[in-house]
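Atom set for the values below is all heavy atoms of this structure, side chains included, hydrogens, waters and symmetry mates excluded. If you read the sequence from its start, that first residue is 1, and numbering goes on from there.
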Amino acid sequence: MNPTEASTGDSGGESSGRSARRPAEATAADLPYLERAVDLAAEALDAGDEPFGSLLVGGDGRILAEDRNRVHTLGDRTRHPEFALVRWAVEHLDARERAAATVFTSGEHCTMCAAAHGWAGLGTVVYAHSAAELTEWLTALDAPPSPVRCLPLRDVVPGLDVRGPAPALTSRLRALHHEFHRRRTDGS
């Protein structure tokens with residue numbers, strides 16, 4: 001997800017009345033994968049991109065693919081890691097393998113990535129921070145609004161198994177997003 005995409009979206013789910021239930025928090029078993037996603041987000045920040053990272057884990061628990069945000073380094077607003085993983089999965093996995101796979105991601109999918117996830121038939125999504133949390137952080141930073149409305153994952157892909165957020169990672173993720181926007185403001 002591009003951090004500015006959440007700045008105007010309704011991502012809380014329950015407040016909109018559209019999502020039937022709030023996702024369960026990430027579990028202790030999810031944390032090692034989510035920590036890797038956050039490490040990838042830090043790599044994105046170091047490269048000058050927004051701090052988002054994701055990995056695709058097979059039904060057997062093996063990491064199959066991973067990526068980080070590349071929106072600024074490649075000059076393409078669609079270069080989100082979740083979208084890259086969808087493309088990889090479609091090219092390398094059959095429908096059954098895709099359905100058994102889990103995407104672990106630093107931030108809840110944007111609408112574009114959620115739609116791609118659903119069309120590809122990927123399984124569970126586990127995110128470290130929600131779009132609602134990101135919206136709160138970006139509002140406090142006076143970040144520019146997104147040109148695309150952000151929706152809760154389940155509003156885009158009904159019935160999708162979703163877990164998140166992971167409160168243990170909140171302060172690290174908030175710091176990464178604050179640093180990205182500080183650098184953009186300072187021009188560094």
With the side chain counted from C-beta on, respond yes when [X] and [Y] share a heavy-atom pair under 4.5 Å apart, and no when they do not.
X: Pro165; Y: Thr170; answer: no
X: Asp30; Y: Thr102; answer: no
X: His129; Y: Leu169; answer: no
X: Thr27; Y: Val126; answer: no
X: Leu122; Y: Leu85; answer: no
X: His72; Y: Phe180; answer: yes
X: Val157; Y: Trp119; answer: no

Atom pair [atom1] ([X]) and [atom2] ([Y]), whose distance is rounded to the nearest 0.5 Å:
X: His109; Y: Ser54; atom1: NE2; atom2: OG; value: 6.5 Å
X: Asp142; Y: Thr185; atom1: CG; atom2: OG1; value: 9.0 Å
X: Arg36; Y: Ile63; atom1: CZ; atom2: CD1; value: 7.0 Å
X: Phe52; Y: Asp67; atom1: CZ; atom2: CG; value: 13.5 Å
X: Leu74; Y: Thr78; atom1: CG; atom2: OG1; value: 9.5 Å
X: Arg70; Y: Glu43; atom1: CZ; atom2: CD; value: 9.0 Å

Please report the closest heavy-atom contact between [X] and [Y], naming both atoms and the distance.
X: Val90; Y: Ala120; answer: CG2-CB, 3.7 Å
X: Ala166; Y: Leu31; answer: CB-CD2, 4.1 Å
X: Ala128; Y: Leu34; answer: N-CD2, 3.8 Å
X: Leu93; Y: Glu97; answer: CA-OE1, 3.4 Å
X: Leu153; Y: Glu108; answer: N-OE2, 3.3 Å
X: His181; Y: Ala143; answer: CE1-CB, 4.0 Å

I'd like to know if the side chain of [X] reaches the main chain of [Y], judged simply by a donor and an acceptor atom lying under 3.5 Å from each other, with no hydrogens or angles considered.
X: His117; Y: Gly123; answer: yes
X: Arg154; Y: Leu160; answer: yes
X: Arg174; Y: Trp137; answer: no
X: Arg68; Y: Leu40; answer: no
X: Asn69; Y: Pro51; answer: no

Handout entry: Val86 and Val103: CA distance, side-chain angles, deciding distance, side-chain contact (heavy atoms from CB on, under 4.5 Å) verdict
Key = CA-CA 9 Å; Val86 166; Val103 173; over 6 Å; no

Handout entry: Asp39 bridged to Arg172 by N-O distance under 4.0 Å
Key =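 Yes.
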
